[in-house]
Amino acid sequence: MPTKTMRPLGVSWSLAFPCLLVTVCLSTGGAVSQGVGPNEQAEAVRIARLENDLRPIDERGEDISPRHSITERMKTLGVPGLSVTVFDGGKIIWSRGYGVRDRAAGDPVNERTLFQAASISKPVTSTALFRMIEEGRLALDEDVNLRLRSWKLPDSEFTKIEKVTPRRIVSHMAGLTVHGFAGYVAGGPLPTVPQILDGLPPANSPPVRVTAPPGARESYSGGGFTVLQLLMQDVTGRPFSDLLDDLVLLPLNMTRSTFAQPLPRQLADAAATGYQADGTPVSGRFHIYPELAAAGLWTTPSDLAGFMLAIGRSFRGEAGSFLRQDTATLMLTKIPDAGGLGFGISGEGRARRYRHNGGNAGFTCYAVAFTDTGRGVVLMTNADGGDRLMREFARAISREYGWPYLWVRE
């Protein structure tokens, strides 16, 4: 298996002195540093403007005045750290970090800082599934029990005619239970995947079962993705994290990303500490999630931006696409009264977009991209209460760049 190579340490940047990951960096006096071209200067001015144009959003989705700075909103909303990557025209145009990854240490968020992607793990897992389908190793509409070896999904009155299939799992239409997972304290006992699926100790979640007719309606299920995790492992005979390395992370150069849980030591030292709603750190800094397919990805906004761009290029059939165009089109086709296959789908025309948000203990995040333009944003925070900040920052970005308006609760 190919070995991951970690990116060298790049520019560090803090809340007090934000600095672009491209060549732009503003001094504390607001002037642009020497050696910066006019395009970079203009971009820096736009970023400074949107950083001071955050406005609360009411229940109707309308902006509320007055405007606030990112510093003010992070303090008010109790968010220690935020990392952002913006892309447009099919490429990353800037990335910035704000605040700290750990309050006690005072370490600033920088390009090396890893965050838990939480449920954004699901579209990455779905993409790996579709690569296996393209290779003929799995079938989209096959009963999962035909290929599961180490565990079987118990039959019920709801599976006599309709079956649980990969398509229904990634669209959350499989009729499966368990919405999400709480994670496990670092250093404590961890359940196996079959134990999680049967709700047996030391698992802290109920069993995953079919309690509605498969295919009838959307019902969000992290439990379904855990069934998918075991299916992919059983079919290949490989650990899930290694499989995802080969199918998605390494081909897309996501070198600061991993599904390995617990997090390897060399990456744990660069990981953000998660903070609960009351401002206290998560016990052990962050929880462990053996439910890898549903919630196990550690990554950075720039790595996730590369992933979102790869999906968009495939959808548009551009040269060197990661997936076949028909595959990406299928993934991003909205199912009536549901989402797509692995992504949520919103909007129409130039506002049509694919997206996913996520929340693990002490972490919230959001990734969105417009299907036709190769533009979007990824935001990641180390706070349970990061949703409002991300909505306001995404809205400020869309205002500044003239995009269709964005906000997290879609």
Side-chain angles (χ1 to χ4, degrees), residues 13 18-26 30 32 36-57 61-71 73-74 82-98 111 300-313 315-316 318 332 343-357 365-381 386-410:
W13 72 116
C19 182
L20 280 170
L21 290 188
V22 291
T23 57
V24 180
C25 183
L26 293 180
V32 180
V36 174
N39 291 338
E40 287 83 2
Q41 291 183 28
E43 198 65 56
V45 170
R46 299 187 78 174
I47 296 168
R49 187 161 53 225
L50 68 87
E51 287 173 340
N52 289 281
D53 190 28
L54 273 67
R55 310 175 199 178
I57 301 171
E62 300 294 331
D63 297 333
I64 303 172
S65 294
R67 302 173 183 180
H68 303 272
S69 70
I70 181 65
T71 308
R73 293 306 282 161
M74 290 181 72
L82 167 69
S83 189
V84 182
T85 292
V86 175
F87 48 97
D88 203 349
K91 62 182 180 181
I92 292 173
I93 57 174
W94 59 267
S95 295
R96 281 197 179 191
Y98 306 87
E111 69 166 327
T300 65
S302 56
D303 269 12
L304 271 184
F307 166 75
M308 298 293 281
L309 284 166
I311 298 298
R313 284 193 293 268
F315 175 81
R316 295 185 295 275
E318 296 175 5
L332 302 188
F343 289 95
I345 308 296
S346 301
E348 296 179 354
R350 67 181 292 267
R352 189 171 183 271
R353 55 201 180 273
Y354 52 102
R355 38 86 184 169
H356 214 291
N357 61 352
C365 50
Y366 177 58
V368 61
F370 294 94
T371 54
D372 296 335
T373 54
R375 64 172 45 149
V377 60
V378 180
L379 305 101
M380 308 189 81
T381 78
D387 278 349
R388 289 179 62 188
L389 180 72
M390 292 190 299
R391 288 200 302 274
E392 294 171 17
F393 205 107
R395 177 66 62 82
I397 291 168
S398 59
R399 255 195 318 268
E400 178 62 37
Y401 287 93
W403 298 355
Y405 266 12
L406 293 172
W407 66 310
V408 173
R409 289 182 182 172
E410 299 183 273

Do [X] and [Y] have side chains that get closer than 4.5 Å, going by heavy atoms?
| X | Y | answer |
| --- | --- | --- |
| Ile70 | Leu389 | yes |
| Arg73 | Phe393 | no |
| Leu406 | Arg355 | no |
| Val378 | Asp303 | no |
| Arg350 | Pro404 | yes |

Working to the nearest 0.5 Å, report the span between [atom1] of [X] and [atom2] of [Y].
| X | Y | atom1 | atom2 | answer |
| --- | --- | --- | --- | --- |
| Leu379 | Leu82 | CG | CG | 6.0 Å |
| Ile64 | Glu392 | CD1 | CD | 8.5 Å |
| Glu51 | Glu400 | CD | CD | 10.5 Å |
| Arg399 | Asp63 | CZ | CG | 4.5 Å |
| Glu62 | Ile57 | CD | CD1 | 9.5 Å |
| Leu309 | Asp88 | CG | CG | 9.5 Å |

Which heavy atom in [X] sits nearest to a heavy atom in [Y], and how many Å separate them?
| X | Y | value |
| --- | --- | --- |
| His68 | Pro56 | CD2-CD, 3.9 Å |
| Asn52 | Ser69 | OD1-CB, 3.3 Å |
| Trp403 | Phe370 | CE3-CE1, 3.9 Å |
| Tyr354 | Gly312 | OH-N, 3.1 Å |
| Ile92 | Phe87 | CA-CB, 3.8 Å |

Check your understanding: Given the rule in the side chain to side chain contact (heavy atoms under 4.5 Å, CB included) test, do Val86 and Ile47 qualify, once you have shown the distances and angles that lead to the verdict?
Key -> CA-CA 10 Å; Val86 175; Ile47 296 168; over 6 Å; no
Please confirm whether the backbone N or O of [Y] pairs with a side-chain atom of [X], one donor and one acceptor, at under 3.5 Å?
| X | Y | result |
| --- | --- | --- |
| Arg55 | Arg395 | no |
| Tyr366 | Val377 | no |
| Ser95 | Thr85 | no |

Check your understanding: If you count the non-hydrogen atoms of other residues, nucleotides and ligands that lie under 6.0 Å from CD in Glu348, is the total more than 12?
Key -> no
Check your understanding: Taking it one step at a time, do Thr300 and Met380 satisfy side chain to side chain contact (heavy atoms under 4.5 Å, CB included)?
Key -> CA-CA 8 Å; Thr300 65; Met380 308 189 81; 5.6 Å; no
Practice item. On the 0 to 90° scale, with breaks at 30° and 60°, tag the Phe343-Phe307 ring pair as parallel, tilted or perpendicular. Key: parallel
